[in-house]
Amino acid sequence: MSDAIQTSSHNDQNMSSQSEFLHQSFLALTVVSYSLMMPFAINHFMRGRLSLGIALFLFLLVFAVNSWSILRRKHYYVNLTLFGLVPITIGALALSLNTQGAIGVLWCYPAVFSFYFILPKRRAWFANVIMLAVTLPTAWQVVERSLAIRMVSTLFMVSVFSAILIWIIDKQQQKLQLQAITDPLTGLYNRRLLHDSLNQAVAQSQRKQFPMTLLTLDIDHFKCINDTFGHAVGDEVLVAIAQILQSRVRLTDSAFRMGGEEFLILLFDTSKDEGLTIAEDLRQEVEALELLPDCKVTISTGIASLRPEETWAQWLKRGDKRLYAAKTGGRNQVVA
């Protein structure tokens with residue numbers, strides 16, 4: 001049921017969700033960093049450890065710049081974090097290990113964990129690999145061997161556990177997003193993505209001169225089916241018709257349940273005549289089903305091909321008008 005337009009819309013939502021996660025995480029870590037690390041930075045300067053003090057102030061400066069951008073412009077500088085904050089963090093950890101020994105080891109653990117909350121997943125993996133490659137050999141040289149062995153083991157475990165945690169969070173987000181845009185009964189897309197999908201179809205049609213066609217379908221006398229046979233049977237009819245739609249539309253098309261007994265199909269790179277053929281095939285296939293005893297289930301369909309300079313709302317409205325004409329004209333027919 002995935003397609004070029006729908007997948008793009010879905011991916012946009014995923015990216016938006018991931019960006020929001022990074023934004024919120026970064027802002028929270030900024031508050032924590034300034035609350036807990038500013039005193040350490042000042043203390044390093046007071047004790048003459050200028051390199052560590054400067055590294056921590058640079059660290060806090062990158063947090064401040066990115067947080068300001070997130071709050072004011074809703075923009076997050078991923079590259080500034082990857083190529084600015086990460087090297088500063090790794091450098092500060094190496095300096096801390098060399099100057100403070102075992103105490104410096106303790107700072108490695110929050111650094112490993114935090115990378116997964118301020119960078120996209122793969123870049124976080126990369127940052128952690130670099131950090132471990134730098135800090136572990138340094139720790140092996142500056143702290144006693146037994147402590148170094150424990151540090152290597154526990155730091156590697158924290159990195160792996162953090163990666164697993166982020167992977168689980170990411171999978172749960174994707175699952176929730178899919179549930180939010182999918183009709184639970186039929187498995188078709190719901191109305192939530194319709195606006196974006198039609199908008200993208202209009203833009204793509206105008207850019208590449210592709211024809212786009214909408215099929216707006218409605219089950220005839222569905223209220224009578226529910227009243228006569230019960231809502232459970234009505235649900236079975238909805239599922240059966242949704243399965244036909246899913247099996248007949250191409251991977252480049254999108255099928256939606258608009259609500260109740262109404263469905264919509266977005267046909268990519270399809271002319272009105274081609275859409276008419278598809279709609280008629282669907283009508284005949286539904287009519288041939290034996291879903292109810294002594295009662296035929298039929299559908300009415302309206303067809304609207306996108307016109308030049310037409311908005312998605314105007315396009316959708318024309319499809320609804322054609323569907324209304326099919327219903328008032330006797331049902332079980334296609335009106336283009």
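Only a predicted model underlies this, so the values are computations on that prediction, with no experimental measurement involved.
Around atom CZ of Arg207, more than 12 heavy atoms belonging to other residues, nucleotides or ligands sit under 6.0 Å away. For Lys121, the NZ atom sits in a packed shell: over 12 heavy atoms of surrounding residues, nucleotides or ligands are nearer than 6.0 Å. Crowding of Phe156 atom CZ: a count of heavy atoms from other residues, nucleotides or ligands under 6.0 Å not exceeding 12. Counting heavy atoms of neighbouring residues, nucleotides and ligands inside a 6.0 Å radius, atom NZ of Lys327 exceeds 12 of them. Within 6.0 Å of the CZ atom in Phe229, the count of heavy atoms belonging to other residues, nucleotides or ligands exceeds 12. Enclosure of atom CZ in Arg150 is not indicated, since only 12 or fewer non-hydrogen atoms of other residues, nucleotides or ligands lie within 6.0 angstrom. Atom CZ of Phe45 sits in a crowded spot, with more than 12 heavy atoms from other residues, nucleotides or ligands closer than 6.0 Å.
Of the possible polar contacts, one joining the Tyr34 side chain to the Leu60 backbone as a donor-acceptor pair under 3.5 Å is found. Proximity of a side-chain donor or acceptor of Thr228 to a complementary backbone N or O of Ile225 within less than 3.5 Å is not detected. With Thr182 contributing its side chain and Gln179 its backbone, the two residues share no donor-acceptor pair below 3.5 Å. Side chain of Ser159 to backbone of Leu155: no donor-acceptor contact under 3.5 angstrom is found. Between the Ser96 side chain and the Ala92 main chain, no donor and acceptor come within less than 3.5 Å of each other. The backbone N or O of Thr270 sits less than 3.5 Å from a side-chain atom of Thr213, completing a donor-acceptor pair.
Cluster annotation: Leu61 and Leu93 are assigned to the same hydrophobic cluster (Ile/Leu/Val/Met/Phe/Trp/Tyr, side-chain heavy-atom contacts under 4.5 Å, transitive). Under the 4.5 Å side-chain heavy-atom criterion for Ile, Leu, Val, Met, Phe, Trp and Tyr, Leu185 and Val237 are members of the same hydrophobic cluster. Taking hydrophobic clusters as Ile, Leu, Val, Met, Phe, Trp and Tyr residues chained together by side-chain heavy-atom distances below 4.5 Å, Phe26 does not share a cluster with Trp68. Residues Leu165 and Trp167 are members of separate hydrophobic clusters, defined by side-chain heavy-atom contacts under 4.5 angstrom among Ile, Leu, Val, Met, Phe, Trp and Tyr. Grouping the Ile, Leu, Val, Met, Phe, Trp and Tyr side chains by contacts below 4.5 angstrom, directly or via other members, places Ile130 with Val152.
Judged purely by distance below 3.5 Å, without hydrogens or angles, the side chains of Asn66 and Thr81 pair a donor atom with an acceptor atom.
Here Glu261 pairs with nothing under the salt bridge (charged side-chain N to carboxylate O under 4.0 Å, His left out) rule; sequence neighbours left out.
Using the six-membered ring where Trp is involved, Tyr77 and His75 have ring planes that are perpendicular, over 60° apart on the 30 and 60° scheme.
Centroid-to-centroid, the aromatic rings of Phe63 and Phe59 come within less than 6.0 Å.
Partner Thr301 forms a side-chain contact (heavy atoms from CB on, under 4.5 Å) with one of Val286, Ile278, Leu217, Thr216 and no other, that one being Leu217. When each of Leu238, Leu215, Asp218 is paired with Phe263, the side-chain contact (heavy atoms from CB on, under 4.5 Å) condition holds for Leu238 and for no other. A side chain to side chain donor-acceptor pair (under 3.5 Å) with Glu310 holds for exactly one of Arg318, Gln206, Lys317; it is Arg318.
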For this session: Report the C-alpha distance between Asp320 and Tyr324 in whole Å, list the side-chain angles of each, state the deciding distance to 0.1 Å, and finish with yes or no for side-chain contact (heavy atoms from CB on, under 4.5 Å).
Result: CA-CA 6 Å; Asp320 288 337; Tyr324 179 76; over 6 Å; no
Exercise. Given Phe268 and Asp253, is the side-chain contact (heavy atoms from CB on, under 4.5 Å) satisfied, shown in steps?
Worked result: CA-CA 6 Å; Phe268 179 84; Asp253 303 326; 3.9 Å; yes
Exercise. How far apart are the C-alpha atoms of Asn128 and Tyr116, what are their side-chain angles, what is the distance that settles it, and do they pass the side-chain contact (heavy atoms from CB on, under 4.5 Å) test?
Worked result: CA-CA 9 Å; Asn128 264 292; Tyr116 289 102; 3.1 Å; yes
Problem set entry | Step-by-step side chain to side chain donor-acceptor pair (under 3.5 Å) determination, Gln174 to Asp170 | CA-CA 6 Å; Gln174 292 180 23; Asp170 185 53; 3.0 Å; yes
Problem set entry | Worked verdict on Trp107 versus Leu97 for side-chain contact (heavy atoms from CB on, under 4.5 Å) | CA-CA 9 Å; Trp107 289 106; Leu97 285 168; over 6 Å; no
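Here the side chains of Ile149 and Trp140 are in contact, with some heavy-atom distance below 4.5 Å. Taking the side chain as every heavy atom from C-beta outward, Ser197 and Phe256 approach each other to under 4.5 Å. Between Arg283 and Asn332, some side-chain heavy-atom pair lies under the 4.5 Å cut-off. Within the 4.5 Å cutoff, no side-chain heavy atoms of Ile265 are placed close to those of Leu214. Two residues are said to be in side-chain contact when any heavy atoms from C-beta on lie closer than 4.5 Å; Gln204 and Met212 meet this criterion. No side-chain heavy atom of Ile303 sits less than 4.5 Å from a side-chain heavy atom of Arg322. Under the 4.5 Å side-chain criterion, counting only non-hydrogen atoms from C-beta, Leu289 is in contact with Ile244. Contact check for Arg123 versus Val78: side-chain heavy atoms found under the 4.5 Å cut-off.
Minimum interatomic distance between Ala201 and Leu306 (heavy atoms only, all atoms of both residues): O-CD2, 4.5 Å. In terms of heavy atoms, Ala180 sits closest to Arg192 at CB-NH1, 3.3 Å.
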Atom pairs and distances, side-chain donor-acceptor, residues 47-54, under 3.5 Å, sequence neighbours left out:
residue	atom	partner	partner atom	Å
Arg47	NE	Asn43	OD1	3.2
Arg49	NE	His44	ND1	3.0
Arg49	NH2	His44	ND1	3.4

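Applying the ring pair (Phe, Tyr, Trp, His ring centres under 6.0 Å) test to residues at least two apart or on different chains, the pairs with a partner in residues 290-322 are His195-Trp312.
Atom CD in Glu287 sits 10.0 Å away from atom CG in Asp220 (nearest 0.5 Å).
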